[in-house]
Visitor: 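First, the structure itself, so that you have it in front of you.
When a ligand or atom number is given, it counts from 1 through the structure's own listing order. Positions are given from 1, in the same order as the sequence printed here. Keep in mind it's a predicted model, so treat the numbers as computed, not measured.
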Amino acid sequence: MNQNLFDLLAQAQSLLDEGFSSLPSTPPPSLDAQAASILGEAATRLQDNYPYSHPLYAGQMLKPPHPIARAAYALAMSVNPNNHALDGGRASSAMEIEAVAALAKMFGWPQHLGHLTSGGTFANLEALWVAGQLAPGKKIAASDQAHYTHSRISSVLGLPFVSVPSDNTGRIDLAALEFLLATGEIGTVVVTLGTTAIGSVDPLDQIVALQQKYSFRIHVDAAYGGYFTLASNLLPETRHAFDAIPHADSIVVDPHKHGLQPYGCGAILFRDLTVGRFYKHDSPYTYFSSNDLHLGEISLECSRAGASAVALWSTQRLLPYTPGGDFSRGLESGRSAAIELNRRIAADPRFLAPIAPPQLDIVFWAVRSPEATPSASSALAQSIFDEAARRDLHLALANLPLRFFPPETFPGHSSGTVTCLRSVLMKPEHLAWLDAIWQRLDEATVTALSIPREPLF
Ligand SMILES: *Cc1c(COP(=O)(O)O)cnc(C)c1O
C-alpha cells in the first residue's frame with residue numbers, strides 16, 4: 001500500500017474542503033463497523049485478480065494508473081463533477097480542455113476539436129459517426145488487424161464496412177487498399193497506429209500519400225499506440241507513420257491504456273473544428289449557467305466523469321508529454337524490453353519468432369513442436385502459458401495468422417492461424433524485470449515440453 005498517496009490525498013482534500021467552508025456544515029454519513037466489514041469482503045473478493053500492477057504480469061494491455069492519477073481521481077470524487085455541462089463541473093471542464101489540448105499538442109496539431117470519452121470504443125464511434133455524416137453511404141475501410149470495434153461500430157451507425165487484408169507483418173496491405181480506393185466507394189480509411197493484437201503500425205505516411213490520387217478521409221485509431229509518438233526508439237518506418245499524424249482528420253488515443261489513467265478515459269480529436277456542427281443540439285435543462293462551451297455540446301455521451309479529466313490533468317502536470325522526459329522514457333523502456341525479449345526468442349530454438357520485429361512494446365511468438373503443425377504448436381503454447389502462470393509469470397495467448405511467420409515454419413500449412421504466446425510489456429519496470437521474466441518462461445517451457453502428450457492426428 002502506498003501510505004504517501006493517502007497522506008497527500010488527505011492534505012489536498014482539506015484544502016479542497018476549505019473552498020466550501022463558508023457553508024453551514026453538514027456532517028457526511030459516517031461509515032460504521034458494517035461498512036468496514038463490507039469493505040473487507042470487497043477487498044477479499046478483489047484478490048481474485050491477476051496481479052496487474054506487478055512486473056511479472058506481462059500479459060494483456062493492463063497498466064496501473066499512476067498514484068497521482070489515483071489521488072486526483074479520488075479527490076475529484078468528493079465533488080463528483082459531471083463534465084457534461086459547466087453547471088456540473090466548471091473546474092473539471094476547464095481541466096479537460098487543457099488535458100485534451102496537451103494530447104493535441106503531443107500529436108503536433110495546431111488546432112483541434114475534441115474531448116475525453118469513456119474509452120476508445122466511444123471515441124472511435126464519434127470519429128466514424130462524423131465520417132458518416134460527411135460522406136453518407138460511403139464505406140469505412142479498416143485492416144483485418146484493426147480493432148473489431150470498427151466493423152461493429154459501422155454496423156451500429158448503419159455504415160457499410162470493408163475489411164482490408166493485412167500483410168505478413170500485420171500492417172494494412174497498401175495494394176489491396178489502393179484497389180479498394182480506386183472503386184470510389186471508400187469514404188474513410190481507419191489507420192491503426194498500434195494494433196491491439198501485435199502492436200503493428202499501419203504506414204500512415206504512405207496512406208496520406210494516396211490522398212494525392214483518391215479522395216478519402218483518414219481516421220487514426222491510436223487508442224493503444226498514440227503515446228509512442230513521444231518515443232525515440234521507434235523503427236524508421238514506424239517513426240514515419242507517427243510523423244504523418246498531423247495529416248489525419250481524426251485521432252483516437254486512450255489515456256487509460258498508456259497514459260497512466262484509471263479506466264474510463266479515452267479521447268477523440270478532430271482536426272477540422274467545424275465538425276462541431278454535427279453535435280449541435282438544444283438541451284432544455286442545461287447550458288444556462290454560461291455562454292462558454294459546455295463539453296456536452298461537442299460530445300455524444302452526456303454525463304461524463306469530471307474526475308477522469310482531473311486525474312489526467314494532474315498526471316500530465318507531473319509527467320508532461322515531452323520527448324526525452326520521464327513519461328517518454330517509460331514508453332521507451334517498455335519498447336526496449338520488447339526488443340530484447342524478441343531477440344531472446346529469435347535466438348532460442350524452442351521458439352518461433354515472427355517475420356517482423358515488434359513495432360511497439362508487444363511481443364508474440366509460437367512454440368516449435370516436433371510435429372511442426374499449427375495444432376501441436378498451439379497446444380504447447382497453451383501449456384507454457386499455464387506453466388508460466390504457475391510460476392507467477394502471466395502472459396497472454398493470441399490466435400494469429402500463419403503468414404506472420406516465415407514460410408515453411410509449418411510445412412503444408414499456408415493459411416489459418418496458430419495460438420501464440422503474447423506479452424504486452426507496457427510497464428517501464430518490465431525492462432529491469434526481463435531476466436526474471438525470461439527465467440520463468442524458460443522453466444515453464446522446460447516443464448511444458450517434458451509433459452508427455454497425446455499423439456495428435
Ligand atoms: C483498446 C483499443 C480500442 C478499444 O478501446 P477501449 O478503450 O477498450 O474501448 C480500439 N482500438 C484499438 C487499437 C485499441 O487498442
Side-chain angles (χ1 to χ4, degrees), residues 52 59-65 69 99-100 103 107 114-131 140-157 161 163-164 166 169-172 188-204 207 218-229 238 241-242 245 248 250-269 299-301 304-305 308-309 311-312 331 334-335 338 358-364 396 398 400 422-426:
Y52 308 116
Q60 306 285 3
M61 289 176 171
L62 295 155
K63 184 172 176 171
V100 171
L103 290 169
F107 292 124
H115 59 88
L116 300 180
T117 62
S118 55
T121 303
F122 219 94
N124 277 305
L125 179 118
E126 294 199 18
L128 297 191
W129 173 67
V130 165
I140 307 288
S143 106
D144 59 21
Q145 289 298 303
H147 199 283
Y148 64 80
T149 197
H150 295 287
S151 67
R152 210 157 65 166
I153 288 170
S154 298
S155 106
V156 169
L157 294 170
F161 176 86
S163 175
V164 188
S166 64
T169 69
R171 287 172 256 201
I172 197 167
T188 298
V189 176
V190 175
V191 179
T192 308
L193 299 188
T195 57
T196 315
I198 66 165
S200 53
V201 174
D202 287 339
L204 177 61
I207 296 168
I218 295 180
H219 169 59
V220 168
D221 182 0
Y224 183 71
Y227 283 106
F228 277 94
T229 194
T238 312
F242 278 95
I245 287 178
S250 52
I251 181 162
V252 162
V253 62
D254 263 356
H256 71 202
K257 287 225 177 103
H258 252 306
L260 301 167
Q261 297 310 297
Y263 283 113
C265 194
I268 169 70
L269 304 174
S299 163
L300 286 186
E301 285 173 281
R304 289 179 310 114
S308 280
L312 180 60
L331 296 161
R335 172 145 171 75
Q359 280 192 276
L360 299 180
D361 56 0
I362 304 175
V363 185
F364 71 95
L400 294 167
R422 170 171 166 268
S423 177
V424 183
L425 295 164
M426 318 175 71

Visitor: Quick check on contacts: which atoms of ligand 1 are under 4.0 angstrom from a heavy atom of D254?
Guide: 5 (O), 6 (P), 7 (O)
Visitor: Considering only protein heavy atoms, which is closest to atom 11 (N) of ligand 1, and at what distance to one decimal place?
Guide: D221 OD2, 2.6 Å
Visitor: What protein heavy atom sits nearest atom 9 (O) of ligand 1, and how far away is it?
Guide: T121 OG1, 2.6 Å
Visitor: Distance under 4.0 Å to a non-hydrogen atom of G194: what atoms of ligand 1 satisfy this?
Guide: 13 (C)
Visitor: Would you say L193 and F242 make side-chain contact, with heavy atoms under 4.5 Å?
Guide: yes
Visitor: Does any non-hydrogen side-chain atom of P262 lie less than 4.5 Å from one of H256?
Guide: no
Visitor: In terms of side-chain heavy atoms, does S143 have a donor or acceptor partner in S166 at a distance below 3.5 Å?
Guide: no
Visitor: Which of the atoms in ligand 1, numbered in the order shown and given with their element, are less than 4.0 Å from a heavy-atom of G120?
Guide: 5 (O), 6 (P), 7 (O), 9 (O)
Visitor: Any chance you could lay out the side-chain contact (heavy atoms from CB on, under 4.5 Å) test for D254 and C265, step after step, and finish with the verdict?
Guide: CA-CA 6 Å; D254 263 356; C265 194; over 6 Å; no
Visitor: Please could you name the atoms of ligand 1 that T196 approaches to less than 4.0 Å, counting only its heavy atoms?
Guide: 12 (C), 13 (C), 14 (C), 15 (O)
Visitor: Just to confirm my output: which protein heavy-atom neighbour is closest to atom 14 (C) of ligand 1, and how far is it?
Guide: K257 NZ, 2.9 Å
Visitor: I'd like to know if G225 contacts ligand 1, where contact means a heavy-atom distance under 4.0 Å to any ligand atom.
Guide: no
Visitor: Does H219 have any ring-ring contact (aromatic ring centres under 6.0 Å, His included) partners at least two apart in sequence or in another chain, and if so, which?
Guide: none
Visitor: Judged by modelled atom types alone, do T238 and Q359 share a side-chain donor-acceptor pair under 3.5 Å?
Guide: yes
Visitor: For H258 together with Y224, are the ring centres under 6.0 Å from each other?
Guide: yes
Visitor: Using only heavy-atom distances, determine whether the side chains of E301 and T117 contain a donor-acceptor pair under 3.5 Å.
Guide: no
Visitor: Below 4.0 angstrom from a heavy atom of Y224, which ligand 1 atoms are there? Numbered from 1 as shown, please.
Guide: 15 (O)
Visitor: Could you pull out, from Q145, H150, H147, M61, the option with a heavy atom nearest to atom 3 (C) of ligand 1?
Guide: H147
Visitor: Please list, in number order, the atoms of ligand 1 under 4.0 Å from a heavy atom of H256.
Guide: 7 (O)
Visitor: Has ligand 1 got any nitrogen or oxygen that is less than 3.5 angstrom from a nitrogen or oxygen of T195?
Guide: no
